[in-house]
Novice: 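Structure incoming, see below.
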Amino acid sequence: MDPERVRAVYEHLFAAYGPQHWWPADSAFEVMVGAVLTQNTAWTNVERALQRLAERIPLRAESILELPHAELADALRSAGYFNVKARRLRSFCDGYLEAGGLEGLSALATPHLRRQLLGMHGVGPETADDMLLYAFGRPVFVVDAYTRRVFARLGLIEHETGYETLRAAFEDALGPDADLFNEYHALIVRHGKARCRKRPDCPGCCLRSICPAGGA
DNA sequence: TACCAGGAGAAAA
DNA sequence: TTTTCTCATGGT
């Protein structure tokens, strides 16, 4: 990808939406829990689930593991896929504690830490990269469905390009900059939410001046 | 009413 | 190995 165009997209998005202050959480562990719960789910639904969970137990791996499955699933109900996510969250907490918690994981170099996270049940590429960037501050670019949609429409990528290829392309174009990646991904999500998907030629799109189709 | 949301894993082909 | 199916609530 052309680094200048990738930068230009960022500048347009930042000018339109301003700083997003991601990730909305009080601790690194809460970021990781939120990353599992937000899989294919609107954040507003995740917030309710996090609140319900925090009303019942302290937001710690040990406390989550002490909850029976039915109780955990019930607390997560509003986030959707609650049975699946209850299992994934328990597996994640197991792996988290086995790895020595936040301290143990933080001691790992980024490639090793990424492999460690990906080895946990329920943690796929995007979730692992959410954790790496927003919980550990590592310079890893998060690719999601919005990223594909926006950049494919801009003609900068093929929609079907694999996750790792896209991640590497963004990281190569921008250089290792965790603060930039943090803001960029948040802005892409903000833009994706704001756009009306029923109007692909949206005249109000902040990217229309750099989009061959007139909007992204 | 139908569609989508800050995906991942299992099952089927 | 690649594609398809399943998981589910809440907002628009």
Side-chain angles (χ1 to χ4, degrees), chain A residues 9-10 13-14 17 19-25 28-53 69-96 114-136 138 140-153 158-167 170 178 180-200 202 204 216:
Chain A
V9 172
Y10 175 80
L13 292 176
F14 190 84
Y17 303 110
Q20 300 299 301
H21 307 292
W22 270 32
W23 184 288
F29 182 72
E30 188 180 333
V31 171
M32 292 188 271
V33 172
V36 171
L37 297 185
T38 199
Q39 291 168 358
N40 205 33
T41 300
W43 181 253
T44 50
N45 293 349
V46 175
E47 283 184 314
R48 283 198 200 86
L50 283 170
Q51 189 173 351
R52 285 198 66 188
L53 188 59
H69 170 85
E71 220 172 306
L72 180 58
D74 183 62
L76 303 181
R77 183 169 291 275
S78 69
Y81 309 124
F82 49 84
N83 282 310
V84 170
K85 287 178 179 176
R87 284 193 293 273
R88 288 181 183 173
L89 195 52
R90 294 175 67 83
S91 299
F92 168 72
C93 289
D94 270 329
Y96 175 85
R114 191 164 194 272
R115 281 195 297 276
Q116 185 86 19
L117 294 171
L118 286 172
M120 299 177 187
H121 174 84
V123 179
E126 185 183 333
T127 305
D129 290 344
D130 272 336
M131 293 177 177
L132 284 164
L133 179 60
Y134 293 104
F136 294 95
R138 305 297 173 91
V140 173
F141 197 91
V142 180
V143 175
D144 69 342
Y146 287 134
T147 311
R148 287 180 192 282
R149 187 182 303 161
V150 172
F151 285 82
R153 186 157 185 80
E158 296 293 328
H159 193 274
E160 308 307 324
T161 308
Y163 185 95
E164 298 302 334
T165 304
L166 280 182
R167 183 171 69 85
F170 278 99
L180 175 63
F181 294 174
N182 178 320
E183 198 63 54
Y184 207 154
H185 175 63
L187 285 166
I188 290 168
V189 173
R190 175 71 179 79
H191 182 69
K193 284 179 179 172
R195 295 277 294 114
C196 177
R197 285 175 296 280
K198 292 177 182 174
R199 292 174 55 199
C202 181

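Keep in mind the model is a prediction, meaning the values are calculated, not measured. Chain A is the first sequence line, chain B the second, and so forth, proteins listed ahead of strands; every chain is numbered from 1.
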Novice: Separation of A/Trp43 atom CH2 from B/dG7 atom P, in whole Å?
Specialist: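 Distance check: A/Trp43 CH2 to B/dG7 P gives 12 Å.
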Novice: In whole angstrom, what separates A/Phe92's CZ from B/dG7's P?
Specialist: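 The distance from CZ of A/Phe92 to P of B/dG7 comes to 17 Å, rounded to the nearest Å.
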Novice: Provide, to the nearest angstrom, the distance between the CG atom belonging to A/Leu89 and the P atom belonging to B/dA8.
Specialist: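 Answer to the nearest Å: 15 Å.
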Novice: Side chain of A/Glu183, backbone of A/Gln20: donor and acceptor closer than 3.5 Å?
Specialist: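 It does hold such a pair.
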Novice: In whole angstrom, give me the gap between the P atoms of C/dG10 and B/dA8.
Specialist: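 So the two P atoms sit 22 Å from each other.
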Novice: When the distance from CD of A/Glu160 to P of C/dT2 is rounded to whole Å, what number comes out?
Specialist: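 Computing the A/Glu160:CD to C/dT2:P distance gives 14 Å.
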Novice: Looking at A/Leu50, is its backbone amide N or carbonyl O close enough to the side chain of A/Glu30 to form a donor-acceptor pair, meaning the two atoms are under 3.5 Å apart?
Specialist: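 No; judged by distance alone, with no hydrogens or angles, the pair does not exist.
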Novice: How long is the straight-line distance from CG of A/Asp94 back to NE2 of A/His121, given to the nearest 0.5 Å?
Specialist: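 That separation rounds to 11.5 Å.
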Novice: Students often mix this up, so state it plainly: with edges at 30° and 60°, are the rings of A/Phe29 and A/Tyr96 parallel, tilted or perpendicular?
Specialist: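 Geometry flag for A/Tyr96 against A/Phe29: tilted rings.
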Novice: Categorize A/Val142 for me: base, sugar-phosphate, or nothing, with a 4.0 angstrom heavy-atom threshold over every strand shown.
Specialist: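 The answer is nothing, as A/Val142 stays clear of every strand by at least 4.0 Å.
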Novice: Report yes or no: does A/Thr161 contribute a side-chain atom to a donor-acceptor pair with the main-chain N or O of A/Leu166 at less than 3.5 Å?
Specialist: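 The answer is no, because no donor-acceptor pair under 3.5 Å joins these two groups.
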Novice: Could you tell me whether A/His121 contacts a base, only the sugar-phosphate backbone, or nothing, with contacts defined as non-hydrogen atoms closer than 4.0 Å?
Specialist: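 Sugar-phosphate contact only - A/His121 comes under 4.0 Å of backbone atoms but never of a base.
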Novice: Sugar-phosphate means primed atoms, P, OP1 and OP2; the rest is base. With that split, encode nucleotides 5-12 of chain C 5' to 3' as B, S or - using protein heavy atoms under 4.0 Å.
Specialist: --BBBSS-
Novice: Taking C-beta and beyond as the side chain, do A/Thr38 and A/Trp23 meet within less than 4.5 Å on heavy atoms?
Specialist: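 Yes, their side chains come closer than 4.5 Å.
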Novice: Output the rounded distance in Å from CG (A/Leu166) to P (B/dG7).
Specialist: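 These atoms are roughly 14 Å apart.
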